[in-house]
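Written below as structure tokens is the structure these notes are about.
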Amino acid sequence: MSSDLKDLYQEVVLEHSKRPRNFRVVEGATCTAEGYNPLCGDQLSVTLKMDGDVIRDIGFQGQGCAISKASASLMTGAVKDKTRAEAEALFERVHTLVTEGPEKVDPEALGKLAVLSGVSEFPARVKCASLAWHTLHAALDGRSTSVSTE
């Protein structure tokens, strides 16, 4: 990873961790799920309001490390007003990005989410970055149960 991308990664992660976007419960949510990473204790809930097949509103709450919070914050901004299929496709691309690295996806197509590519250099942190995404996936599947990234 270039030093410019590392700097951007650190800057964006810190910004979204300190001031997470959509850190709230969505009133009148139609889908919810809970996520938990037992390895580090990160836990969060994702609430969505669907309008047909479109995510009209999304929020998250919980506690976790900077990467976990930043990833959830970035995710909520990225999937709002997307269809279920678009959100699921984005989930797949982000998962590939954090598990296999930026050379396996088109980082430019991911926009701000590309900063999560830095996580791929730290395998122990992949679960932190992917927790919110797995929880979103569970909420979209209609599973209100707990998701664990073990």
Side-chain angles (χ1 to χ4, degrees), residues 1-2 5-26 29 31-50 55 57-150:
M1 181 181 342
S2 71
L5 188 56
K6 278 185 182 177
D7 291 345
L8 181 62
Y9 165 74
Q10 289 177 337
E11 183 180 316
V12 171
V13 166
L14 289 175
E15 167 63 22
H16 279 266
S17 173
K18 289 179 183 173
R19 287 180 279 293
R21 283 40 160 205
N22 302 303
F23 190 76
R24 61 189 168 76
V25 173
V26 172
C31 303
T32 64
E34 303 288 325
Y36 178 60
N37 180 351
L39 297 176
C40 64
D42 292 349
Q43 58 187 54
L44 60 87
S45 62
V46 172
T47 52
L48 310 166
K49 185 181 280 188
M50 300 295 290
I55 299 169
D57 200 4
I58 182 168
F60 79 99
Q61 284 196 309
Q63 58 190 27
C65 67
I67 293 170
S68 180
K69 265 191 178 170
S71 182
S73 176
L74 287 162
M75 177 197 73
T76 60
V79 301
K80 191 172 183 178
D81 294 323
K82 298 275 193 270
T83 65
R84 180 184 309 264
E86 290 169 331
E88 292 287 1
L90 198 52
F91 164 80
E92 293 298 329
R93 289 195 303 271
V94 168
H95 191 262
T96 299
L97 176 74
V98 299
T99 57
E100 300 179 38
E103 58 281 345
K104 298 291 184 178
V105 295
D106 178 9
E108 287 186 25
L110 289 172
K112 288 181 183 180
L113 295 171
V115 300
L116 295 174
S117 66
V119 173
S120 66
E121 293 188 17
F122 306 99
R125 304 314 298 266
V126 167
K127 291 185 187 307
C128 302
S130 62
L131 177 62
W133 293 89
H134 284 288
T135 308
L136 168 66
H137 182 65
L140 289 171
D141 276 354
R143 292 180 279 141
S144 296
T145 57
S146 187
V147 174
S148 179
T149 58
E150 285 186 278

Exercise. For V94 and M75, what are the C-alpha separation, side-chain angles and deciding distance, and is it a side-chain contact (heavy atoms from CB on, under 4.5 Å)?
Worked result: CA-CA 10 Å; V94 168; M75 177 197 73; over 6 Å; no

Work out which heavy atom in [X] is nearest to a heavy atom in [Y]; give both atom names and the distance.
| X | Y | result |
| --- | --- | --- |
| H16 | S73 | ND1-OG, 2.6 Å |
| A87 | I55 | CB-CD1, 3.8 Å |
| C31 | A139 | CB-O, 3.4 Å |
| K80 | I58 | CB-CG2, 4.3 Å |

Answer yes or no: is there a donor N or O on one side and an acceptor on the other, between the side chain of [X] and the main chain of [Y], under 3.5 Å?
| X | Y | result |
| --- | --- | --- |
| S117 | A114 | yes |
| S71 | S68 | no |
| T83 | E86 | yes |
| R21 | T76 | no |
| T47 | V26 | yes |
| S130 | V126 | yes |

When you compare the side chain of [Y] with that of [X], does any pair of heavy atoms fall below 4.5 Å?
| X | Y | value |
| --- | --- | --- |
| L136 | L48 | yes |
| C65 | D42 | yes |
| C128 | F122 | no |
| V115 | L110 | no |
| Q63 | L44 | no |

Exercise. Any Lys/Arg nitrogen of R24 or D57 sitting under 4.0 Å from an Asp/Glu carboxylate oxygen of the other?
Worked result: yes

Quick one: [atom1] on [X] to [atom2] on [Y], what's the gap to the nearest 0.5 Å?
| X | Y | atom1 | atom2 | value |
| --- | --- | --- | --- | --- |
| W133 | L113 | CH2 | CG | 5.0 Å |
| Y36 | L131 | OH | CG | 10.5 Å |
| I67 | L74 | CD1 | CG | 11.5 Å |
| F91 | L140 | CZ | CG | 10.0 Å |
| K69 | Q61 | NZ | CD | 10.5 Å |

Problem set entry | Contact list for residues 88-113, test side-chain hydrogen bond (donor to acceptor under 3.5 Å, both in side chains), sequence neighbours left out | E88-H137

